[in-house]
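What follows is a short report on a single structure.
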Amino acid sequence: LRRLSLGRNAIKKLEQLDIPQLEELWISYNKIDKLSGLDKLKNLKTLFMSNNNISNWGEIDKLANFCPELVEALFTNNPICNNLPEQEYLSLIHISEPTRLLSISYAVFCLKKKKYEQLAEVSMPHIKIE
C-alpha cells in the first residue's frame, strides 16, 4: 500500500497507522486536530490534510520527526491558517530538503492571495525542531 485516501470520513484521531511503506496519505475533510498518529509513517512523502482542525504550529513541527521523507503537505482551511495576514491563506507547504535534517526551517510556505490569485513564497523561521 503506497497511497491511502481517508477523506470525508469524520475521523477525529489518527491511530494505529503502522504502514511503513505508505508514501501518500489523503485525509482532508475530517475532524483531526493532532498529528500524533503519523509517527510510524517514515516513508511518507505527501500529506493532504486540508479542512481539518489543526490549530497549533507545534503539530506541524512534529512532522520533522514523524515523517523524515515528507516533501509536501497541504493544510488549507485548518484553524492554523486563521493567524495569517489578511487576504492570505496557507495552501501548500513544500519542504525543499528532506526533514531528516530535523528542521522545518527549510520549508517554503506558499501563501495564495485570495484577491489576485497569485502565489507568494515566504519562509517561516519560527518553525524549528530542536
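The structure displayed is predicted, hence computed values, not measured ones.
Residues forming a side-chain contact (heavy atoms from CB on, under 4.5 Å) with Asn53 (at least two apart in sequence, or on another chain): Lys31, Asp33. Every residue two or more places apart in sequence or in another chain that forms a side-chain contact (heavy atoms from CB on, under 4.5 Å) with Asn9 is listed here: Leu6, Ile11, Asn30. Looking at residues two or more places apart in sequence or on another chain, you find a salt bridge (Lys or Arg N to Asp or Glu O under 4.0 Å) between Lys13 and Glu15. Ser50 meets the side-chain contact (heavy atoms from CB on, under 4.5 Å) test with Ser28, Tyr29, Leu74, Thr76; sequence neighbours excluded.
Residue pairs meeting the salt bridge (charged side-chain N to carboxylate O under 4.0 Å, His left out) criterion with at least one partner in residues 49-59, sequence neighbours excluded, are Glu59-Lys62.
The closest side-chain heavy-atom distance from Asn52 to Phe75 is not below 4.5 Å. Residues Leu17 and Leu4 meet the side-chain proximity criterion, which asks for heavy atoms closer than 4.5 Å. The side-chain heavy atoms of Leu47 and Ile27, taken from C-beta on, include a pair separated by under 4.5 Å.
Among all heavy-atom pairs drawn from Gln21 and Arg2, the shortest one is O-NH1, 3.6 Å. Taking both residues in full, the closest heavy atoms of Asn78 and Asn51 are given as ND2-N, 3.7 Å, listed atom of the first, atom of the second, then distance.
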Side-chain atoms of residues 36-46: list all donor-acceptor pairs with protein atoms under 3.5 Å, sequence neighbours left out, distances to 0.1 Å.
from  : atom 1 : to    : atom 2 : distance (Å)
Lys42 : NZ     : Asp39 : O      : 3.1
Lys42 : NZ     : Asn65 : O      : 3.3
Asn43 : ND2    : Pro20 : O      : 2.8

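In this structure, Leu25 CG and Arg3 CZ are separated by 11.5 Å, a value rounded to the nearest 0.5 Å.
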